[in-house]
Each structure stands twice: as C-alpha cells, then as structure tokens.
Chemist: 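I have a structure I would like to understand better, so I am pasting it below and will then ask my questions one at a time.
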Amino acid sequence: IYNWCGERRWIAKHDGGDIGEFLRFSQHWVMYATPPHASVNTLFVGKLANHTSYDVWEWIKSPGKMQLVNYDLIRSRIVVNMTHIYPSPRWERIFDQWGSQKDFQRTEYFLHQFCKLDGQPFQEVELGWQHLTVMPPGSPQRFKKYRQDTIVAVKCGLDFGN
C-alpha cells in the first residue's frame, strides 16, 4: 500500500521507495558474508608520570575509573572477544578499520586530540593493534598472530607533528 500510494504521489516516499530502509530493515546482512580471514585487536593504554599503565578503554567507558594493567601481559595476550572492551560498537568498528589500514598520521592526530581532553590524566597514550589470522574450525586456538603488533604512541603535551 505504501509503495502504491507513493507511486501515485498521494504520500511522500521518504526512503525513495525502499520500504525496507524506511522500516529499518537492511538487506546488507553480515551473516551471509564470507568468514573473515584476518582480524585485529586494539589495545589502548595510558601511562602516568610514574610509568604505570592503565586501560584507556575502561577510562572512556567510566570517566575517572582507572584500571591498572600489566603492559607486558596485555601485549602478549590475545583477547578472543573484543566486543566488551570497546565503549560502543562504533568505537569497535572504527578502530578495527584503522587497525587494518596503515594510516598512522590519522592515529597520531586522534591521540593528540585525545590528550587535549579536559580531565584526561595520562602523560602518554598508546594505541596498538594485534594482527591476527582467524584459524579454521577445529583449531585449538581461534586466532594466531601473523605479524608484529603495530604501536602508535604519543606523549601528551606535545603539538601534533612533533
């Protein structure tokens, strides 16, 4: 009825005639995509002046909450499900995309802007990506590192480009 009335210009078709988009149904279903062959884990660590390391993801989700992390341990550990670590699915998507690219200037710019946030306690922030291969079904591990981690670190208080 919606399309029939819209074609006769009796009602406005806000979605350009795509009733699925109008009703928020999307035909771009991920469940029909091919399985991924690679993945990335994003590590976001902040360091204080005394060189202690903290989980910046946790600080973003709960401002003021400082969760101490063992830097060497988180660099060596592969987290199987990163979904609960990110503040939201949008953060997960953008950092997954950044980790797959080699646009370090954008990452440095983001870190410099992060350093300028009011109330941000860190002296240095570091984004790191673990580059992983998705192992086939039946493998004892879900992921395996296939190259060295990519690390981009910025000292807070310096201007971008220094």
Side-chain angles (χ1 to χ4, degrees), residues 21 24-162:
E21 287 298 318
R24 302 278 189 209
F25 293 121
S26 174
Q27 297 299 312
H28 303 287
W29 294 342
V30 178
M31 69 178 140
Y32 295 116
T34 58
H37 299 289
S39 181
V40 293
N41 278 353
T42 307
L43 311 171
F44 200 179
V45 175
K47 295 179 182 176
L48 299 181
N50 63 3
H51 303 289
T52 53
S53 299
Y54 292 88
D55 183 355
V56 178
W57 293 128
E58 194 60 41
W59 184 83
I60 292 170
K61 289 189 288 189
S62 306
K65 183 177 179 185
M66 301 286 284
Q67 182 177 340
L68 189 65
V69 295
N70 180 328
Y71 184 76
D72 294 327
L73 179 65
I74 66 167
R75 288 279 309 277
S76 64
R77 184 183 70 188
I78 297 175
V79 177
V80 177
N81 183 2
M82 288 289 290
T83 303
H84 69 285
I85 292 174
Y86 293 103
S88 75
R90 288 178 185 238
W91 285 79
E92 181 178 8
R93 192 173 319 119
I94 190 66
F95 283 99
D96 184 57
Q97 291 171 358
W98 281 7
S100 302
Q101 300 169 355
K102 294 182 179 175
D103 189 354
F104 302 125
Q105 187 173 4
R106 181 186 335 177
T107 304
E108 283 184 32
Y109 180 78
F110 167 79
L111 291 174
H112 278 285
Q113 294 306 310
F114 178 83
C115 283
K116 294 178 183 179
L117 288 176
D118 288 337
Q120 183 280 115
F122 305 109
Q123 303 297 313
E124 183 178 344
V125 287
E126 177 180 298
L127 266 172
W129 287 278
Q130 296 175 324
H131 303 279
L132 309 170
T133 299
V134 179
M135 302 303 289
S139 298
Q141 297 174 324
R142 184 170 179 195
F143 300 107
K144 182 175 94 177
K145 286 188 180 186
Y146 71 88
R147 75 176 208 207
Q148 277 193 311
D149 297 351
T150 300
I151 305 293
V152 179
V154 165
K155 290 194 183 300
C156 295
L158 299 177
D159 290 331
F160 181 64
N162 290 338

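Note that this is a predicted model, so its numbers are computed, not measured.
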Chemist: Considering non-hydrogen atoms only, spot the tightest contact between Gln148 and His131 and give its length.
Modeler: O-CD2, 3.4 Å

Chemist: Considering non-hydrogen atoms only, spot the tightest contact between Val154 and Cys115 and give its length.
Modeler: CG1-SG, 4.4 Å

Chemist: Would Leu111 and Glu108 satisfy side-chain contact (heavy atoms from CB on, under 4.5 Å), going step by step from the backbone distance to the final call?
Modeler: CA-CA 5 Å; Leu111 291 174; Glu108 283 184 32; 5.6 Å; no

Chemist: To the nearest 0.5 Å, what is the distance between CG on Asn41 and CG on Asp149?
Modeler: 9.0 Å

Chemist: With a 4.5 Å cut-off on side-chain heavy atoms, are Glu58 and Val69 touching?
Modeler: no

Chemist: What distance do Arg147 atom CZ and Leu132 atom CG have between them, rounded to the nearest 0.5 Å?
Modeler: 10.5 Å

Chemist: Please verify the inter-ring angle class for Phe122 with Tyr54; under 30° counts as parallel, over 60° as perpendicular, anything in between as tilted.
Modeler: tilted

Chemist: Check the pair Phe114, Val56 against side-chain contact (heavy atoms from CB on, under 4.5 Å), reporting the backbone distance first and the verdict last.
Modeler: CA-CA 10 Å; Phe114 178 83; Val56 178; 3.4 Å; yes

Chemist: Test your reading of the model: is there a side-chain donor-acceptor pair from Gln130 to the backbone of Arg77, 3.5 Å cut-off?
Modeler: yes

Chemist: The test is side-chain contact (heavy atoms from CB on, under 4.5 Å); show your working for Phe143 and Val134 and say whether it passes.
Modeler: CA-CA 5 Å; Phe143 300 107; Val134 179; 3.8 Å; yes

Chemist: Do Gln123 and Lys47 have side chains that get closer than 4.5 Å, going by heavy atoms?
Modeler: no

Chemist: Of all heavy-atom pairs between Lys61 and Tyr86, which one has the smallest distance, and what is that distance?
Modeler: CD-O, 3.7 Å

Chemist: As an exercise, state the distance from CH2 of Trp59 to CG of Leu117, rounded to the nearest 0.5 Å.
Modeler: 5.5 Å

Chemist: Are Leu127 and Phe110 packed together at the side-chain level, in the sense that at least one heavy-atom pair is separated by less than 4.5 angstrom?
Modeler: yes

Chemist: For Ile74 and Leu43, which heavy atoms make the closest approach, and how far apart are they?
Modeler: O-CD1, 3.9 Å

Chemist: Knowing that exactly one of Asp96, Thr42, Thr150 qualifies, which makes a side chain to side chain donor-acceptor pair (under 3.5 Å) with Trp129?
Modeler: Thr42

Chemist: More than 12 heavy atoms of other residues, nucleotides or ligands under 6.0 Å from CG of Asn50: is that the case?
Modeler: yes

Chemist: Output the distance between atom CD1 (Ile78) and atom OG (Ser39), rounded to the nearest 0.5 Å.
Modeler: 10.0 Å

Chemist: Using the six-membered ring wherever Trp is involved, compare the ring planes of Phe44 and Trp57 and label them parallel, tilted or perpendicular (cut-offs 30° and 60°).
Modeler: perpendicular

Chemist: Roughly how far, to the nearest 0.5 Å, is CD of Gln120 from CD1 of Ile60?
Modeler: 9.5 Å

Chemist: Relative to each other, are the rings of Phe95 and Trp91 parallel, tilted or perpendicular (30° and 60° limits)?
Modeler: parallel

Chemist: Looking at Lys145, I'd like to know if its NZ atom is crowded, meaning that more than 12 non-hydrogen atoms belonging to other residues, nucleotides or ligands lie closer than 6.0 Å.
Modeler: yes

Chemist: Distance from Thr52 atom OG1 to Leu68 atom CG, nearest 0.5 Å?
Modeler: 6.0 Å

